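Notes to accompany the following structure.
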Amino acid sequence: MAKITKLDDIVSLCKRRGFIFQSSEIYGGLASCYDYGPLGVELKRNVREAWWKDVVRMRDDVVGLDCSILMHPLVWKASGHADKFADLIAECKKCNTRTRVDHLKDHAEEHAEHVDIDTAMAAEHDLSGKVCPSCGKVGNFTEPMPFKLMFETQMGANVDDSMTLYLRPETAQGIFANFRNVLDTTRVKIPFGIAQIGKSFRNEVTTKAFIFRTREFEQAEIEFFCEPGTDEDWYEDWKEKRFNWYVDLGIKKENLRFRDHDPDELAHYAKACVDVEYKFPFGSGDWQELEGIANRTDYDLRQHQRGMRTLNDWYEKKGDLTAITLKDEAEDNHKGPLSYFDEQEKKRYIPYVIEPSAGIDRSVLAFLVDAYDEEEVKGATRNLLRFHPALAPTKVAVFPLVKKNCLQNIAHNISNDLKKYFTCFYDQKGAVGRRYRRQDEAGTPYCVTVDGQTLEDKTVTVRDRDSMEQIRVSTDQLTAHLREKLEL
Ligand code: GAP
């Protein structure tokens, strides 16, 4: 079994089969931005759908949300992003290329996530022997400086009342800002979670590695609210659930692992954090973050209570975030607007939060890499994507064996019937062997072929992608047979 060993192989497969294209390719491409093609868009939808089904639809204690990307600027002051969401960079004095200092220090860590800016600023940085990755000049860098990662934009047409907004760098804050709304409008009781899938934006200094780290990406996040004291149990519970989600969808266990964050690596809000890592085929270390699971304590809700108390200052300073300081917490902070009243226990508190935060694009990449396989069949190489049926972009392909009206009509009718239940692709062009190979590369679990025997006994062949075994199934049993096989 040959596996993808280089990122280039997956990039070329994605282009060749219409999974993922470079954005604006006809204009030479836009760095670090990607478009999902016909197969990619189905795959990505299936990844989102599998996540939503697992964490929202199948549970009684999680509800969904879809917040706007643009939010009130104070959200980002309260969350800490406005002041702290930055990477420490140094600029090459020869070619002006800016590089993350942690990447200059140790290329093995080139794909590591953001280092806490306060920790990075406090550390000693000797860049005298470091090589500029762009021009190769040694030790010719500026002093390290912070580089803010949030994208800015302007809202409003009038010069006087336009204001600076930020494209959200995580979906999580929309959930915290709606905590009260969800409490007041639904019947949720703690412990419960709010889940959201949506785009996030970060002006990353280093992108690379295809869709692994981009400036525009999609996140799938859950903020799970629980009573302080129960947080550690919920943390363990979510760790197990999220790890198993990847395994249940076909990722091989040996390619997944947990990595606990060191205390100096923890984000400013976290009591504990663990990454689910996948063995990606790039970087000298290979193991890279797929998802982070953090114990965010009551940090965010408390911070937003401070943010709410600071609103008047924000108006007075005409929206200048740098000129305002968040108000201290109120003395009766635990009774604030974002607190929770436990009716049964008759007590009020600010809930703790466990946050499983996954990347949809990064998951798509992991599912693609893990599903890829090559094997020798009758002296030729067969390339295939062994996707779990729930993720496969096309579930079934239907072919007439040869281009004959009577076979084409039956095949068309079968395809139209199956489309009511799952994505189905009709193809009558070229030799049937070649059509099978195309579907193998697209990861289609089953191919249905209508042939001469269909006219005699109303049966068709059903070919299994993984084993290539073919069986005959009667047309009136076909839908039930495929639904059972696909578990759909
Ligand atoms: N709310 C917590 C949070 O945003 P994070 O570790 O920064 O945590 C969570 O991001 C996940 O989002 C990551 O594990 C990764 O899958 C995805 N992600 C983060 N930055 C990304 C980027 N620049 N490109 C693609 N995916 C990214």
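Order of appearance sets the numbers: ligands from 1, and atoms from 1 within every ligand. Predicted model, so just to flag it, every value in this text is computed and none were measured.
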Problem set entry | NZ/NE/NH1/NH2 to OD/OE distance under 4.0 Å, Glu236 and Lys239 | yes

Problem set entry | Backbone or side-chain N or O of Arg213 under 3.5 Å from ligand 1 N or O | no

Exercise. Any N or O of Gly359 that comes nearer than 3.5 Å to an N or O of ligand 1?
Worked result: yes

Within a distance under 4.0 Å of any heavy atom of [X], pick out the atoms of ligand 1 and give their elements.
X      : value
Glu291 : 14 (O)
Glu355 : 1 (N), 2 (C)
Glu221 : 1 (N), 2 (C), 3 (C), 4 (O)
Gly292 : 14 (O)
Leu290 : 14 (O), 16 (O)
Glu170 : 1 (N), 2 (C), 3 (C), 4 (O)

Problem set entry | Lys395 side chain vs Ala390 backbone, donor-acceptor pair below 3.5 Å | yes

Seminar exercise, completed: Looking only at non-hydrogen atoms, the one of Ala270, Ser357, Ala358 nearest atom 8 (O) of ligand 1 is Ser357

Seminar exercise, completed: Between His72 and the options Trp314, Tyr166, Tyr315, the ring pair (Phe, Tyr, Trp, His ring centres under 6.0 Å) test singles out Trp314

Contact partition for [X] relative to ligand 1, non-hydrogen atoms under 4.0 Å:
X      : answer
His81  : neither
Asp275 : neither
Arg202 : side chain

Problem set entry | Student check: side-chain heavy atoms of Leu326 and Lys77 closer than 4.5 Å | yes

Donor-acceptor list for residues 349-358 side chains, cut-off 3.5 Å, not counting sequence neighbours:
from: Glu355; atom 1: OE1; to: Arg296; atom 2: NH1; distance (Å): 3.2
from: Glu355; atom 1: OE2; to: Arg296; atom 2: NH1; distance (Å): 2.6
from: Ser357; atom 1: OG; to: Glu221; atom 2: OE2; distance (Å): 2.6

For this session: Check the surroundings of atom CD in Glu331: do more than 12 heavy atoms from other residues, nucleotides or ligands lie under 6.0 Å from it?
Result: no

For this session: Please determine which of Leu385, Thr423, Thr444, Thr394 meets the side-chain contact (heavy atoms from CB on, under 4.5 Å) test together with Leu39.
Result: Thr394

Seminar exercise, completed: Sequence neighbours excluded, the answer for side chain to side chain donor-acceptor pair (under 3.5 Å) partners of Asn244 is none

Exercise. With a 4.0 Å cut-off on heavy atoms, does Arg296 reach ligand 1?
Worked result: yes

Exercise. Relative to the ring of Phe210, is the ring of Tyr34 parallel (under 30°), tilted (30 to 60°) or perpendicular (over 60°)?
Worked result: perpendicular

